[in-house]
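A short write-up of the structure that comes next.
Because the structure is a prediction, the values reported are computed rather than measured.
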Amino acid sequence: MIKAHKIRLHPTPEQALSFAKAAGTARFVWNWALAEWNRQYEAGLKPTALKLKKQFNEIRREQFPWTWEVTKNASDQPFLDLGKAFTAFFEGRARHPKFKSKKRSKPSFYLANDQLELGDHRIWVPKLGWVNMAENVRFAGKVTGARITRTADWWFVSIQVEIPNTIPVKKPAAVGIDVGLNRLATLSTGEGVENQAFLKTALKKLRRANKRLHRRKAGSKNREQARRQVARLHYRIACLRDDVLHKLTTRLATCYGIIGIEDLHLKGLLKNRKLARSFSDAALGKLLSLLASKVEQRGGQVIKVDRFFPSSKTCHCCGWKWEAMQLSDREFLCQNPSCAYHLFPQDRDHNAALCILAEALRLIGLIDQVATGTGSDDGVNLAVDAG
């Protein structure tokens, strides 16, 4: 298993300038390789990353001597990255690689494991020396590489460490999760996680900063200072959101072995012009992806319920459907006289989470096993814990 630890760097002004030069070199080499790849491909040739790297090295000393001022990984790694990008494109897993812009792309460059050295709160970079780190690497294992990036004028290093796979501990508990905007997540246990809407909270300050940016003269120092202010605000919003998502998903993955979630059509939700910003602010896609990866690492299982399953309209007790239910109805009222919840108001999201849990257990066959008595003791415990 390979894990990455992202740590903030505290470079000196000279070191920060060298980082910017290395990132600029990596961007230039990527654009040169992509342009040459496109040219050769249109000419009927079959370019590869290694061929382009060899071609670049032949003309590098004469045409691009300034690329020797930084670490060699800054000019070598873009060829390998481009080769992986085209492999993913030809396999249908990604879009066609694009050129990198100095203004829109994030400055970054790669360091191989033989081109760096870690010390106490510091990292050694070729042709630069030791650079201070805010903390030490928390993972113990073989370092496979590192990537230095800049976000909002702050430099970070993401160190990849290869660690042995841990034996997962089997957890019999199961839970269903209903995600939304009023509450970020509602568990089948009745617990609700507040949607803190960090972008909505900081929108007034962000608008003021953007107005200040557009009033400044293009190319001036005041405009650059205003741009940095906007970037810092966006970075703060992203950090606050990621903190909530990581803490929530880690807790769920640690406590539960089976988690039922909805298979949401996120692109379709973002097409709603009235709720697009709220959905983006909630970051439901990142929540579900983090949850799936962390549960898998801990030996659990994430069951995706079909997006057309009427979890909000179905009573979790008797299965009665409220066909005329509207988005404004925040309480579920079961109209089945024989149901234990007949005319007893339930929280809409809690009821949906219970329906998602029941459907997830049905999909993996646990409910059928318990009903027929053919399931194992673990299956019985799962059904009991699910409520």
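For Y341 and F332, the ring centers sit 6.0 Å or farther from each other. The aromatic ring centres of F156 and Y235 sit less than 6.0 Å apart.
Not counting sequence neighbours, T314 has no partner by the side-chain hydrogen bond (donor to acceptor under 3.5 Å, both in side chains) test. A search for side chain to side chain contact (heavy atoms under 4.5 Å, CB included) contacts involving S293 returns nothing, not counting sequence neighbours. Legend: residues meeting side chain to side chain contact (heavy atoms under 4.5 Å, CB included) with R227, ordered by chain and number and at least two apart, are D153, L213, E224.
Side chains of Q225 and R228: a donor-acceptor N/O pair is absent below 3.5 angstrom, by distance only. Side-chain atoms of R60 and T67 include a donor-acceptor pair closer than 3.5 Å.
The aromatic rings of F139 and H5 sit perpendicular, their planes meeting at an angle over 60°, well past the 30° parallel limit.
In this structure the side chain of H121 reaches within 4.5 angstrom of the side chain of N136, judged on heavy atoms.
The pair E323-K321 does not meet the salt-bridge criterion, since no charged nitrogen lies less than 4.0 angstrom from a carboxylate oxygen. Salt-bridge check for D242 with K286: passed, with a basic side-chain N closer than 4.0 Å to an acidic carboxylate O. Electrostatic pairing of R277 and D281 does not count as a salt bridge here, judged by no charged N lying under 4.0 Å from a carboxylate O.
Note: W130 CH2 to L118 CG = 7.5 Å, rounded to the nearest 0.5 Å. Atom CZ in R330 sits 8.0 Å away from atom OG in S312 (nearest 0.5 Å).
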*Report the C-alpha separation of Q40 and Q55 in whole Å, then their side-chain angles, then the decisive distance to 0.1 Å, and conclude whether the side-chain hydrogen bond (donor to acceptor under 3.5 Å, both in side chains) test is met.*
CA-CA 12 Å; Q40 295 184 14; Q55 180 182 349; 3.0 Å; yes
